[in-house]
Visitor: 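What follows is a single structure, and I will ask about it in a moment.
Residue numbering restarts at 1 for every chain, and letters A, B, ... go by the order of the sequence lines.
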Number of protein chains: 2
Amino acid sequence: MSTSLTVSQLAKQLEISADTVRHYVRSGLISPERDPENGYKRFKGEDIKRLHFILQAKSLGFSLADIQTIMDQASHGESPCPQVRVIMEARLKETAAKIAAMQATYKQMQDAMQRWQTQPDCTPTGEHICHLIEGFSHQADNFKQEGCCHE
Amino acid sequence: MSTSLTVSQLAKQLEISADTVRHYVRSGLISPERDPENGYKRFKGEDIKRLHFILQAKSLGFSLADIQTIMDQASHGESPCPQVRVIMEARLKETAAKIAAMQATYKQMQDAMQRWQTQPDCTPTGEHICHLIEGFSHQADNFKQEGCCHE
DNA sequence: CTTGACCTGTGTGTTACTCACAGCTTTATA
DNA sequence: TATAAAGCTGTGAGTAACACACAGGTCAAG
């Protein structure tokens with residue numbers, strides 16, 4: 001039976017988790033045959049090719065929904081390439097935006113960490129929860145200690 | 001009744017969506033009183049302070065679960081600061097890793113787009129779904145056209 | 001024949017919201 | 001005053017891409 005693989009065999013071969021393979025099947029991206037005896041999924045050549053394609057597309061930034069769309073179109077005999085180009089353009093912009101946002105957050109985090117190095121811990125008051133966090137964006141450099149901080 | 005705000009009033013004041021406010025309430029981050037007449041949420045000073053804190057912490061990269069933890073600890077009278085420092089360290093690393101991963105993907109995407117500019121569209125064959133995607137990582141520069149491409 | 005290791009499918013949980021929707025309030029109009 | 005339109009409410013469900021839990025099935029060793 002080397003012509004068909006089980007979930008975990010396929011997963012091992014492509015170095016992904018068995019759960020990931022199952023997820024793609026549940027999402028309808030792959031539709032392997034079932035073993036009539038035990039209901040297990042049986043992956044054959046076609047399925048393995050599709051999975052390969054999925055992984056490649058994913059590494060290029062396509063979402064699973066994108067990939068579904070692309071494969072559907074291809075299975076109708078139409079060229080998916082124009083769509084692929086359009087989608088990629090959108091994903092490219094999205095990714096750039098996400099990276100920028102994350103970098104902004106990252107900078108905030110670094111700045112906070114640095115400032116915190118010279119600040120003591122504080123005890124919560126009725127007025128504040130954590131001075132480290134609350135005192136941050138307001139009074140950048142001029143942090144004033146209040147009666148709540150020990151040591 | 002200017003001492004208490006409704007969901008949408010509060011949302012407008014802090015420039016977030018009403019759904020976001022409701023989400024925080026459902027998650028237990030804020031627990032406003034209810035108007036006995038109609039069951040509506042009524043936000044008072046304490047709640048508004050907490051929401052402020054949530055937004056600040058979020059902008060510093062803390063997750064809602066983190067924020068919950070921090071606020072819980074503070075409400076027990078303990079200083080959340082040591083925890084805050086620990087969590088931040090972890091989130092900082094996570095964020096750096098995510099950014100690196102996204103930048104790697106982004107580079108892949110850009111490379112792909114560039115290469116695709118000189119490549120024609122293709123019609124799916126039994127063997128391939130989309131040459132643009134499949135031909136990518138394998139034969140970087142030496143893309144060979146096969147019989148499937150028109151024009 | 002049983003023990004144990006391993007594997008299976010399916011159901012549920014995750015993050016931080018967003019959307020859908022029936023119903024209640026408030027405002028404008030007739 | 002009646003009523004209709006607009007707006008707001010709470011709650012239930014859906015999103016992306018898996019990861020985890022779990023009861024049960026399978027297979028080799030003894």
Visitor: A:Tyr24 has an atom OH; how far is it from atom P of D:dA17, in whole Å?
Guide: 8 Å

Visitor: Which whole-number value in Å describes the distance from A:Tyr40 OH to D:dC27 P?
Guide: 7 Å

Visitor: Would A:Asp121 and B:Arg85 count as a salt bridge (Lys or Arg N to Asp or Glu O under 4.0 Å) here? Give the steps.
Guide: CA-CA 10 Å; A:Asp121 289 352; B:Arg85 295 176 200 273; 2.8 Å; yes

Visitor: Return whichever of A:Ser63 or B:Val7 has its heavy-atom-nearest nucleotide of DNA chain D closer to the 5' end.
Guide: B:Val7

Visitor: Could you tell me whether A:Asp19 contacts a base, only the sugar-phosphate backbone, or nothing, with contacts defined as non-hydrogen atoms closer than 4.0 Å?
Guide: base

Visitor: Closest-nucleotide mapping onto DNA chain D: is A:Ser17 or B:Gln9 further toward the 5' terminus? I mean the 5' end.
Guide: B:Gln9

Visitor: Roughly, in whole Å, what's the span from CZ in B:Phe43 to P in D:dT9?
Guide: 9 Å

Visitor: May I ask you to say what B:Ser27 touches in the nucleic acid, namely base, sugar-phosphate or nothing, with a heavy-atom cut-off under 4.0 Å?
Guide: nothing

Visitor: Under 4.0 Å between a side-chain N or O of A:Arg22 and OP1 or OP2 of C:dG9?
Guide: yes

Visitor: Quickly work out the B:Lys98 NZ to C:dT15 P distance and round it to whole Å.
Guide: 11 Å

Visitor: Quick one: is D:dG10 close enough that its OP1 or OP2 comes under 4.0 Å of any side-chain N or O from B:Lys41?
Guide: yes

Visitor: Please state how far atom CD in A:Glu37 lies from atom C1' in C:dC7, giving the value in whole angstrom units.
Guide: 16 Å

Visitor: Would you check, one step at a time, whether the test salt bridge (Lys or Arg N to Asp or Glu O under 4.0 Å) holds for A:Lys107 with A:Asp111?
Guide: CA-CA 6 Å; A:Lys107 189 173 181 324; A:Asp111 289 355; 3.2 Å; yes

Visitor: Answer yes or no: side-chain N or O of B:Arg34 and base N or O of D:dG10 forming a donor-acceptor pair under 3.5 Å.
Guide: no

Visitor: Under 4.0 Å from OP1 or OP2 of D:dA19: is there any side-chain N or O of A:Thr20 that close?
Guide: yes

Visitor: Rounding to a whole Å, what distance do you find between A:Ile54:CD1 and D:dC18:P?
Guide: 10 Å

Visitor: Below 3.5 Å, does any donor atom in the side chain of A:Arg26 face an acceptor in the base of C:dG9, or the other way round?
Guide: no

Visitor: Would B:Asp19 and B:Arg22 count as a salt bridge (Lys or Arg N to Asp or Glu O under 4.0 Å) if you check the C-alpha gap in whole Å, the side-chain angles of each, and the deciding distance to 0.1 Å?
Guide: CA-CA 5 Å; B:Asp19 277 328; B:Arg22 292 198 188 94; 3.2 Å; yes

Visitor: Can you check the B:Asp66 CG to C:dA16 P distance for me, whole Å?
Guide: 8 Å

Visitor: At less than 4.0 Å, is any side-chain N or O atom of A:Lys58 found next to OP1 or OP2 of D:dA16? Yes or no.
Guide: no

Visitor: Find the distance A:Leu64:CG to D:dA19:P and express it as a whole number of Å.
Guide: 12 Å

Visitor: Any chain of hydrophobic side-chain contacts (each under 4.5 Å) joining A:Tyr40 to A:Leu51?
Guide: no

Visitor: Will you find, in the side chains of A:Ser63 and A:Asp66, an N or O donor that is under 3.5 Å from an N or O acceptor?
Guide: yes

Visitor: Does A:Thr6 put a side-chain nitrogen or oxygen below 4.0 Å from OP1 or OP2 of C:dT8?
Guide: yes

